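Data first, discussion second: the structure below is written as structure tokens.
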Amino acid sequence: MVLVLLHSHLIWSQWDDIYIVYQPLSAETHVFNETTALILKCLEKGPLSAEAVMYQTENALGIGEGELVAHDFTFATMRLEELGLIECRDNAKAVQ
């Protein structure tokens with residue numbers, strides 16, 4: 001699976017471990033924890049495989065590979081997709 005950021009222009013604010021993300025195109029404001037914010041930030045440079053995003057997120061959190069609970073990662077990516085911030089594409093669709 002490939003994750004794609006749908007809106008590259010986001011405005012970020014951070015208060016301790018809470019991240020506020022304003023999406024100008026939709027005029028929506030979102031509140032994320034550090035893990036979800038890091039997933040979103042990983043995609044700012046371009047589409048990545050879910051595995052690469054998970055690895056980069058674990059690295060940024062300072063935890064070992066495989067320590068980020070897969071369910072938590074999947075929930076966060078599904079929530080970002082529901083909010084219209086990212087799109088999860090299968091590899092065949094991503095090539096098109």
Side-chain angles (χ1 to χ4, degrees):
M1 179 182 332
V2 174
L3 305 179
V4 179
L5 183 65
L6 295 178
H7 303 284
S8 61
H9 184 68
L10 301 172
I11 299 170
W12 293 81
S13 291
Q14 180 182 352
W15 290 317
D16 296 322
D17 60 347
I18 302 295
Y19 294 79
I20 311 297
V21 178
Y22 177 68
Q23 186 179 4
L25 289 175
S26 67
E28 292 181 343
T29 302
H30 309 285
V31 179
F32 298 125
N33 63 17
E34 184 178 26
T35 301
T36 304
L38 288 170
I39 291 168
L40 198 55
K41 283 193 169 282
C42 284
L43 298 171
E44 287 183 324
K45 294 180 183 171
L48 289 171
S49 70
E51 295 81 17
V53 173
M54 190 168 186
Y55 173 79
Q56 288 183 23
T57 302
E58 289 170 332
N59 191 33
L61 290 169
I63 60 177
E65 187 174 341
E67 289 185 36
L68 181 59
V69 178
H71 172 27
D72 293 343
F73 179 80
T74 301
F75 178 80
T77 56
M78 286 175 41
R79 186 68 184 126
L80 288 169
E81 187 171 36
E82 288 172 359
L83 293 170
L85 293 167
I86 69 169
E87 184 175 75
C88 301
R89 300 178 182 168
D90 61 30
N91 292 338
K93 185 177 178 183
V95 173
Q96 297 176 343

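The structure presented is a predicted model; accordingly, all values stated were derived computationally and were not measured.
Ring pair His71/Phe75 is perpendicular by interplanar angle, where above 60° counts as perpendicular and below 30° as parallel.
Linking Ile, Leu, Val, Met, Phe, Trp and Tyr residues whenever their side-chain heavy atoms come within less than 4.5 Å leaves Leu80 and Ile20 in two separate clusters. Hydrophobic clustering (side-chain heavy atoms under 4.5 Å, transitive across Ile, Leu, Val, Met, Phe, Trp, Tyr) groups Ile86 together with Leu83. Residues Tyr22 and Leu38 are members of separate hydrophobic clusters, defined by side-chain heavy-atom contacts under 4.5 angstrom among Ile, Leu, Val, Met, Phe, Trp and Tyr.
Between atom CD1 of residue Ile18 and atom CZ of residue Phe32 there is a gap of 11.5 Å, rounded to the nearest 0.5 Å. Here the CD-OG1 distance, from Glu82 to Thr77, works out to 10.0 Å after rounding to the nearest 0.5 Å. Separating the OG1 atom in Thr36 from the CD atom in Glu34 is a distance of 10.0 Å, to the nearest 0.5 Å. Between the CG atom in Leu5 and the NZ atom in Lys45 there is a gap of 13.0 Å [rounded to 0.5 Å]. Going from atom CE of Met54 over to atom CD1 of Ile39 covers 8.5 Å, rounded to the nearest 0.5 Å.
For the pair Leu40 and Leu10, the minimum side-chain heavy-atom distance is below 4.5 Å. Looking at heavy atoms from C-beta onward, His30 lies in side-chain contact with Leu85 at the 4.5 angstrom threshold. Counting only heavy atoms from C-beta outward, the side chains of Met1 and Arg89 never approach each other to under 4.5 Å. You'll find the side chain of Leu43 reaches within 4.5 Å of the side chain of Leu48, heavy atoms only.
When the ring-ring contact (aromatic ring centres under 6.0 Å, His included) test is applied to Phe73, no partner is found at least two apart in sequence or on another chain.
With hydrogens and angles ignored, the 3.5 Å screen pairs a side-chain donor or acceptor of Glu58 with a backbone N or O of Gly66.
For the residue pair Cys88 and Glu81, the shortest heavy atom distance occurs at N-OE2, 3.1 Å. Here the closest non-hydrogen pair linking Leu6 and Gly84 is CD1-O, 3.7 Å. The minimum heavy-atom distance between Tyr19 and Ala37, with the atom names listed, is CG-CB, 3.5 Å. Across all their heavy atoms, His7 and Leu25 have their closest contact at ND1-CD1, 3.5 Å.
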Can you list the steps and then say if Asp72 with Thr35 is a side chain to side chain contact (heavy atoms under 4.5 Å, CB included)? CA-CA 9 Å; Asp72 293 343; Thr35 301; 6.0 Å; no

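Summarising the local packing, CD of Glu67 is surrounded by more than 12 heavy atoms from other residues, nucleotides or ligands at distances under 6.0 Å.
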